Each structure stands twice: as C-alpha cells, then as structure tokens.
2 protein chains.
Amino acid sequence: MNSVSLHGRTYRPPSGPVVIVCVDGCEPDYLNLAIGAGAAPWFASLVTRGTCLTADCVVPSFTNPNNLSIVTGAPPSVHGICGNYFWDRDAQAEVMMNDPRYLRGGTLLAAFADAGAKVAVVTAKDKLRALLGHRMKGICFSSEKADKVTAVENGIVDAMGLTGMPLPSVYSAALSEFVFAAGVALLERERPDILYLSTTDYVQHKHAPGTPGANAFVAMMDGYLAKLDRLGATIVVTADHGMNAKTDAFGRPNIVFLQDLADHWYGAGTARVILPITDPYVVHHGALGSFATIYLPQETVGDAEVRLRSVPGIWQVHGRDEACRRYELPPDRVGDIVVVAERLWTLGTSRTRHDLTGLDAPLRSHGGVSEQQVPLIANRLAPDLPDRRWRNFDAFDLALNRLG
Amino acid sequence: MNSVSLHGRTYRPPSGPVVIVCVDGCEPDYLNLAIGAGAAPWFASLVTRGTCLTADCVVPSFTNPNNLSIVTGAPPSVHGICGNYFWDRDAQAEVMMNDPRYLRGGTLLAAFADAGAKVAVVTAKDKLRALLGHRMKGICFSSEKADKVTAVENGIVDAMGLTGMPLPSVYSAALSEFVFAAGVALLERERPDILYLSTTDYVQHKHAPGTPGANAFVAMMDGYLAKLDRLGATIVVTADHGMNAKTDAFGRPNIVFLQDLADHWYGAGTARVILPITDPYVVHHGALGSFATIYLPQETVGDAEVRLRSVPGIWQVHGRDEACRRYELPPDRVGDIVVVAERLWTLGTSRTRHDLTGLDAPLRSHGGVSEQQVPLIANRLAPDLPDRRWRNFDAFDLALNRLG
C-alpha cells in the first residue's frame, strides 16, 4: 500500500491494524479521575508505555464538525461541516448539514480504502454515518441502526450478529458500548487496516468527571480498548469536544436567549439565531450549547456586536470574518455574528422554543472555547514530538506518522 | 446605626446578624453536584426560598485579591491587593502582599465597626487575617493560629474554647471546619451584627466536584450553614475563585515554564516572572496557577508578547495597561506583560523551581479567567434584581441592600 496524501498532509500506510477512537465529550478529567479511582487500568498502563497530549478540538466544539475534522485531518474551512445545521442563504431555509453533499473534501477513510486498505467505521448515532462513510469502500454502520444494515449501504449484512447485544436505545450508554463491542468483533473477524470508532456523549451530558456514572462509562471503554490493544492494534483515542457544567450552583441552566434579545432590540424576526448544536436528538441537552451564529441586516451588525458584548454570560462576539479566521470556519455557512458563551453558560434562541423537560440531570454541555481541550492519546510512545499546538484532527497523523 | 458608604457604594446597616461566607475555590459545580447527591440539604432548601447568581470573581482568581475585593466591595485597582506577592520596583525585591501596608482602601468590616456594628472575622489561614482585620475593632482570628490569640491582636482570648476542636493542620479540611464551628459559636455567644467567614481550598485543590471528598466537604459546610440560618442570620455565600483540573488525561500537570522560555529567548535573568499564587503554603498546588506577570526590558516587551501568544497552553497575553483595564488591577503592582493560561494549563517559572513532590493528587488549581465564575448565594429571596454582571464583591451589597 502506498502513502496517502490529503488536504496538504501525507500519511504513511498502516503497518498493522490502526484504531482511531473519537470519544464524544471526553473532557480529559473523565480519564484522569477514572484512572485515579482504579476504574481504567488500560489507560493507566499507558502512562509509561503510551503518549498523552492535550489537544485543541475545532470550535464550535460540536460532534459533527470535529468527527469530520478528525477523518479529514483538516478544519471546517476545508471540509465544510461547521455544525449540525446552518442557514442556507440561497435556499432561504435552515438545513441539516448531515448530508454528504455538504462535505467539501474527501476523507482519509475513503482515501485509504481507495489505496487498498480495508476500512471499517462504527459510529453511535446514524447522523454521522453518511458523512463518515462518504464515498468509502468498506464497512460503515451506526449502533442506532445496526438492525437495518445492508451490504450495499453499509458493507456488512449481520451487524447485530457481531456482538450479541440487543439494539441499544439512542439515549443510552449502551449505544456507545455497542460501538466498542462491534469494533472488537470487527477487528477479530475482519482484521481491518483502519478502524474508526465514534461514540455518543449521552453519559457525559449527565455525569461529571469522577462521579460513579462517568467512571463506569470509562471502565467500559477501558475494557474494550484493552481488548483492541491485545489484538495488536495501534490505538489513538481523542475526543470531538470536552464537556462542562452549564448551570448555576443550584443546578439550574445558565441560558442567554439570543433570539429574544434580538427580537427585543430590532423587532421580531429581524434577526435569525442559529444554534448549530440542534439536531434530531436534543432531549439530553435541550439544544443548549455555548456557540451560536446570528444572521441579521447589515445595518444592525455593528450595533448588535456592541450590545451582545455587554450581556452577562456572553464571552466572545466576533464578526463573520474574524470568527472564520480564528476558528477556521467556512464563511458561507456562518452568520454575520458568532457568539461564544462563558464556560458555565449556554446560548438559546427563544425561551419558548427550548424544551427542558427532558433534562433529568443538571445541564452539562459544550460548543464553546471552554470545551476545546481534549485528550490525544496513543498506546505507543511517540519519540521526538515537536512542541506545538496539537489538534484532535492530528489523530491520523499521530497514529500513522509519529508513533515509535 | 447609620448607613456606611465606601468606595462609591452605600450599604444599609444590618437589621439582624449578617454572615458573609467566602468558600475558597468553590466552583459552582461543587454545590450543584453535592445537592444532587443529597449531601447538601440546606443548599437544596434555598432553591425555593433563596437566591443564586453566577458571579465573576476578580482576575487573577486568587484568594487574597478576592477576599479583599469582597470585604471592600471594590476591585484590586481600588484596594491594591492583586496577588499574594509582587515585585516591588522601588525596593527591587519580591515581596509578600499580605502586610496591611499594601492595602490602599478601608474595608467594610472596619467601616461597620466604626459605625457601631459588632464585627467578627474568622479565616482559615493566618495570611489573610492581618489584611481582613486592618483597623477593625472587633474579633478577628485564623483557625491556623487560634491557639495564639490575644485580646489586643484578635479581640478574643479563648478562640480554642469556642469549638472544642483541636487546632487543625494548615493542610486539612478541618482548618475550614474550624472556621464554621467558630462562626456558629460566635453567633450564639457574641451575636455579631456582621460575621465574615473565609475558608481554605485545600480540599478543592485535591477533589473534583461530585467526588466523595468534595461532597463530604460540602456536607460539612451545609450543616454549619443550616445552624447559622436557624440562629436567624442573613447568609450570603460566595467564593474567591473557582477551580479546574490542570492536567492532561493521565493526570500529569500541564505547565508552561515562563522563566525558562524567557531565559532561552533573552538570556538568563533578563526577564523576571512573578507568580502571584506563591505564598508560604504551596504544598498542595506547587505554586502552579494560571496567571503570571512578567517584568522585562522595555525593548523586549513587544517581541515577548508575540512569542508568548504562540506558546501552547497560553490563552491570553496582554500588556500592563490593557491587563489593568480589563481586570481592574493596580498598574504599579503588575509586570510589563500579563499571561493567562488555558483552562487546563498552569504557568510556572523554571522547571527546577517547582517542587511537585507534595502533590499527592492530580493538580487542580486556579488563577485564570477559566476560574472566574463563582456562586453568589443568599438564604433570602432578592426581588427585582437587575440583569447585570454580578461580582463576588457584590456580596455585602446583596446581603444589606437587595434581599427581601
């Protein structure tokens, strides 16, 4: 197999099975505190024989932009996916960005498959599957729809038979466990050259690092990762984003309702607030994250920036150009203003449009710069790493080019 | 008793006993998760009958600047205390800032005592005692030196007799418990009009929110606060700063050694890095926080700012004027450059000057903007509060002017 070049970087071919794991919402302290509690012996074993970097994910610190960055090795300005959802100015409609037609560049998964590698992908939610599997020859399915796979669509016919697990609920820790269990079975049975596993942050939205629910989740991962390791895989674990409490000390969500503010300032409907966290699965976070973008008439942009900067809970307000430069975003899919919340705050549209009745635990969420730092871990030593800013989308580079 | 005016604000006299509590390092999630675990029934009871705001503390988010801000109702630009320690350009020496001669304004504690109020102060560590008690008639002592009180110095002769507790170690949860136990005894026996209690963050430096050690600490506080409440006190609880993990996912400290960098760039000793967290008690954090200030020759300032901005782990680099404007600091006690670390990072001087052997748990610390958000809680409702940025140094204003 030859090297693969994509988006300005060259990647060596895998010399044995390589597993890249994106743990959704894996704030570094989840691992640190689970190690301290004795719940993660495999991670603990890497302290001497592995590599651990603290890397920056892509802002907005959401799932799809970061999974796509990891599998392309590039930021959203290159691959185009900057949220779950954006305002299509041409169509004058709010559209989901989980259709591959919004993807602007190829993935490493497809490129390696084209180069002759055997590639397999398992993701928790189906919303990511089509993007990750775009033009990729190989196995690609989600836990969520593991019972509906077809050879043509997913490259596998018996995904449910891999694990013996029942089909998990989309709101469960089991949805992620299914990913790992299927990954171990695939590595044993299919021996892919490249295996990409991506979980869901259902647990992280509810459980703080070091608490029993969180430690149990890390312990589950740790057991499967140890199996992958014993099967001879080179493993790199990273995250799409971190996770923070988004409440006051009494556990009530801290929310700035941006649409309500803009309606009050400029008249109802003058501005359009887009929350790129929004997708069909919002029960566990009420569509509340720490990043928003606002479309509004040009003559109000400057005024709105000034007003927004003085709103408690808002941390950063940038015009489109500055935001796209700073966060490497595609300008045509970003509003006139980008707003980032403070660490313990979220951004909403209107008070009446967020259903928080599904929140059965104090809100924890992500999307902001406060959730940008994530682990970048390998089960091999990496000699002579340069002292630079690492990104989660260096995961393939680390796995293929830099490990000893 | 008349109203008291200080530093541009007017405070109503207390109509009954008022207790202001500064819980050192009380990241809001400590309370939220303890409430969720059932460990804090008193805090839980306030959800319906009390007030909870998310407020900003003073940056650098360290203990002394914030305690002094709370008791003066003003930022460090007014009271002068911007760290534990600064570089005295006149004396050409690094000096501790815990001597009252560095305090530039009076405190509300002294002002109320002068107005005829009975005032009592109990603080965990003695380093704060002299500043808090400056020119104050009344009781003022520390847990640390409760066995050494005198009537002249502390306004009390039997501090050890208040609680029956043995003198606690300076590195212990008991040092803080002693503060609360003494506070309850003082409220019962002396019935002060104003009681100020300030704890130490020994526990918070070691235990993450929601973990057993943290919940036990909150439960301890909760019990004493319930007693103060039953004794009829109006209680406001706030914090000097929050707390974050400062490690990678393996629990190893993330540190930028600024003095080593500056020595490498400009030659040994050309720059002087000051870490204002440094004080005589550094075993539990190794003098590692997320804020530093650097003195260096004028001709290198611009170059150093540019270089520092590209160092991984550094989040913000400001010149003195901008930093002092932004964080309301006294320019004559701040270096040429102010550096703030990213959330999971700390700033050190030289690798050889930090003794980390005392760290028996993964480093958790503070000092940066990432630890700026703190609770501001009262055991009364506050009708018609304005929607503005609240500060921890609004604690006296909230207690005396705004509660129902």
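Remember, it's a predicted structure, so these values are computed and weren't measured experimentally. Sequence lines set the chain letters: A, B, ... in the order given, protein chains first and strands last, and positions in each chain run from 1. As a basis for the values below, the full set of heavy atoms in this structure was taken, side chains included, without hydrogen atoms, waters or symmetry mates.
Within the 4.5 angstrom heavy-atom criterion, no atom of B/W390 approaches chain A. Only the backbone of B/R388 comes within contact range of chain A, with heavy atoms under 4.5 Å apart. Contacts between B/L46 and chain A at a heavy-atom distance below 4.5 Å involve backbone atoms as well as side-chain atoms. With a threshold of 4.5 angstrom between heavy atoms, B/P312 approaches chain A through side-chain atoms but not through N, CA, C or O. For B/I35, the part lying near chain A is the side chain, with the backbone staying farther off; criterion is any non-hydrogen pair under 4.5 Å. With a 4.5 Å cut-off on non-hydrogen atoms, B/E342 touches chain A through its backbone and its side chain both. Residue contact with chain A, scored on non-hydrogen atoms closer than 4.5 Å, is absent for B/N215.
Atom CZ of A/R49 and atom CZ of A/R380 lie 8.0 Å apart (nearest 0.5 Å).
Across A/V369, A/T54, A/N254, the residue that shares the most heavy-atom pairs under 4.5 angstrom with chain B is A/T54. Of the listed residues (B/D29, B/T211, B/L344, B/V47), the one with the most heavy-atom contacts under 4.5 Å to chain A is B/L344. Chain A forms the most heavy-atom pairs under 4.5 Å with one residue out of B/W315, B/F250, B/Y30, and that residue is B/F250. Top candidate by heavy-atom pairs under 4.5 Å with chain B, chosen from A/D56, A/L53, A/L31, A/L376, is A/L31. Contact tally against chain A (heavy-atom pairs below 4.5 Å) for B/D387, B/D248, B/V374: the top residue is B/D248.
In summary, the side chains of A/S350 and A/D260 do present a donor paired with an acceptor at a separation below 3.5 Å, with no hydrogens or angles considered. Side-chain polar atoms of B/H366 and B/D240 form no donor-acceptor pair below 3.5 angstrom.
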List the steps and the verdict of side-chain contact (heavy atoms from CB on, under 4.5 Å) for B/D360 and B/K206. CA-CA 8 Å; B/D360 55 6; B/K206 291 185 184 297; 2.4 Å; yes
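Looking at heavy atoms from C-beta onward, B/K246 lies out of side-chain contact with B/L288 at the 4.5 angstrom threshold.
Checking side-chain atoms of B/T51 against main-chain N and O of B/A382 turns up a donor-acceptor pair under 3.5 Å.
The shortest non-hydrogen separation linking A/A214 to A/A208 is CB-O, 3.3 Å.
Using a 4.0 Å cut-off between charged nitrogen and carboxylate oxygen, B/R391 and B/E328 count as a salt-bridge pair.
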